[in-house]
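Everything on this sheet refers to the single structure shown next.
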Amino acid sequence: MKTSLIILASGFSSRFHSNKLLHKINDKTLFEITYERRKFFDEVIVVTQYEQIKELAKEAKVIMNDHPEYGQGYSISLGIQKCDSDYCMLMVSDMPYIKDETIVKMLEIKDEQHVVIGCYQDILCNPMLIPKKYYSYLTNLKNDKGAKQVITKLPCCIVNLSEQEFIDIDVK
């Protein structure tokens, strides 16, 4: 069964005051840290509005998001529409501390009936692993609420994240 990674990299970084995906932590950009997770997947799809990200994602299927103002939901929709794998994992580029072990655990417990979703202190969050049978729920999203607005109505398995994994980078 084929599994794709969909990296969402279209945000405006408005609180960061520059493209945070190019911000470096230990000599790697936030995007590069996320992109390294491709080793666990059969295919990588990157949804971005940035040419610099497109250049960094040489081995991926890159979808240029011409309407990032439509929000994360729209980016998800663009990625899902180009995914023909049996499963896809949605991952944002500003959560650099997600552990490889967490990704592996999510991939190990996947099944055709459940969305596998990260959770920290009862807060559902990325990453999330979605079986193909639920892709249709995500193809028409066009707002900034992301996938949670539909995923929470579906059968889910929870993978608990550590406090560090839950950190998203919003400010310098």
Side-chain angles (χ1 to χ4, degrees), residues 1-12 21 29-96 98-100 102-119 124-159 161 168:
M1 296 238 159
K2 191 173 164 188
T3 305
S4 294
L5 172 62
I6 299 176
I7 300 175
L8 306 171
S10 289
F12 288 107
L21 304 180
T29 67
L30 289 178
F31 177 77
E32 288 169 325
I33 293 167
T34 304
Y35 190 60
E36 285 180 347
R37 297 338 190 316
R38 70 187 181 278
K39 64 187 173 197
F40 297 111
F41 299 90
D42 301 299
E43 171 187 61
V44 179
I45 299 168
V46 176
V47 182
T48 188
Q49 64 168 316
Y50 301 106
E51 287 295 327
Q52 302 99 315
I53 298 300
K54 181 179 178 180
E55 292 299 316
L56 292 171
K58 294 186 187 314
E59 299 170 25
K61 184 187 301 183
V62 177
I63 301 164
M64 294 306 289
N65 182 348
D66 294 331
H67 294 287
E69 71 275 9
Y70 292 173
Q72 188 179 83
Y74 184 67
S75 292
I76 292 168
S77 174
L78 290 174
I80 290 286
Q81 290 176 46
K82 297 295 183 186
C83 183
D84 56 9
S85 294
D86 302 296
Y87 300 88
C88 71
M89 180 173 282
L90 299 177
M91 188 172 278
V92 293
S93 296
D94 64 353
M95 291 178 73
I98 299 292
K99 296 175 185 164
D100 286 355
T102 299
I103 293 168
V104 169
K105 182 176 183 179
M106 293 176 85
L107 291 169
E108 287 175 348
I109 65 172
K110 72 182 179 195
D111 66 43
E112 295 177 8
Q113 303 304 316
H114 295 86
V115 173
V116 182
I117 187 166
C119 184
L124 299 177
C125 59
N126 284 294
M128 55 184 73
L129 183 64
I130 303 161
K132 187 173 191 163
K133 74 184 278 180
Y134 299 127
Y135 290 2
S136 62
Y137 289 87
L138 304 172
T139 56
N140 294 314
L141 297 177
K142 286 190 178 166
N143 57 38
D144 205 30
K145 293 182 183 173
K148 282 193 287 189
Q149 61 193 308
V150 293
I151 295 302
T152 54
K153 300 172 186 165
L154 302 173
C156 292
C157 292
I158 302 297
V159 172
L161 304 181
D168 66 334

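As the structure is a prediction and not an experimental result, all values here were calculated from the model.
- Closest non-hydrogen pair, Leu21 versus Thr29, comes out as O-CB, 3.3 Å.
- Listed by chain and residue number, Val159 satisfy the side chain to side chain contact (heavy atoms under 4.5 Å, CB included) test with Lys105 (two or more places apart in sequence, or in another chain).
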Mind running side chain to side chain contact (heavy atoms under 4.5 Å, CB included) on Ser93 and Thr34 for me, showing each step along the way? CA-CA 6 Å; Ser93 296; Thr34 304; 4.1 Å; yes

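- A heavy-atom distance below 4.5 Å is found between the side chains of Ile80 and Ile6.
- Applying the side chain to side chain contact (heavy atoms under 4.5 Å, CB included) criterion to Glu59, with sequence neighbours excluded, gives Tyr35, Arg38.
- Going from atom OG1 of Thr48 over to atom CD1 of Ile7 covers 10.0 Å, rounded to the nearest 0.5 Å.
- Taking CD1 of Ile98 as the start and CE of Met91 as the end, the distance is 6.0 Å to the nearest 0.5 Å.
- Atoms CD1 and CG, on Ile33 and Asp94 in that order, are 11.0 Å from each other to the nearest 0.5 Å.
- What you find for Leu56 and Glu32 is that their closest heavy atoms are CD2-OE2, 3.7 Å.
- Ion pair Lys39/Glu36 not flagged as a salt bridge, since none of the NZ, NE, NH1 or NH2 atoms sits closer than 4.0 Å to an Asp/Glu carboxylate oxygen.
- In this structure, Ser10 and Val47 have side chains that are in contact, with non-hydrogen atoms separated by less than 4.5 Å.
- Across all their heavy atoms, Lys82 and Ile45 have their closest contact at O-CD1, 3.8 Å.
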What side-chain donor-acceptor pairs closer than 3.5 Å can you find for residues 124-133, not counting sequence neighbours?
residue : atom : partner : partner atom : Å
Lys132  : NZ   : Asp84   : O            : 3.4
Lys133  : NZ   : Gln113  : OE1          : 2.9

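- Closest heavy-atom contact between Gly79 and Ile63: CA-CD1, 4.0 Å.
- Side-chain N or O atoms of Gln49 include none that pairs as donor or acceptor with a backbone N or O of Asn65 at under 3.5 Å.
- Residues forming a side chain to side chain contact (heavy atoms under 4.5 Å, CB included) with Glu51 (at least two apart in sequence, or on another chain): Lys54, Met64.
- The NE2 atom of His114 sits 4.5 Å away from the SG atom of Cys157 when rounded to the nearest 0.5 Å.
- The shortest heavy-atom contact between Lys99 and Arg37 is N-NH2, 4.5 Å.
- For Glu43, the side chain to side chain donor-acceptor pair (under 3.5 Å) partners at least two apart in sequence or on another chain are Ser4, Lys61.
- Phe40 CZ: more than 12 foreign heavy atoms inside a 6.0 Å radius.
- In plain terms, the two heavy atoms of Ala57 and Phe31 that are nearest each other are CB-CZ, 3.9 Å.
- The structure places SG of Cys88 at 9.0 Å from CD1 of Ile76, a figure rounded to the nearest 0.5 Å.
- Looking at Val44 and Val46, their side chains come closer than 4.5 Å, going by heavy atoms from C-beta outward.
- Contact check for Gln72 versus Val92: side-chain heavy atoms found under the 4.5 Å cut-off.
- With a 4.5 Å cut-off on side-chain heavy atoms, Val116 and Cys156 do not count as touching.
- Listed by chain and number, the residues in a side chain to side chain donor-acceptor pair (under 3.5 Å) with Glu112 amount to none (sequence neighbours excluded).
- Remark: Phe41 CZ to Tyr87 OH distance equals 13.0 Å, nearest 0.5 Å.
- For the pair Asp86 (side chain) and Met1 (backbone), a donor-acceptor distance under 3.5 Å is absent.
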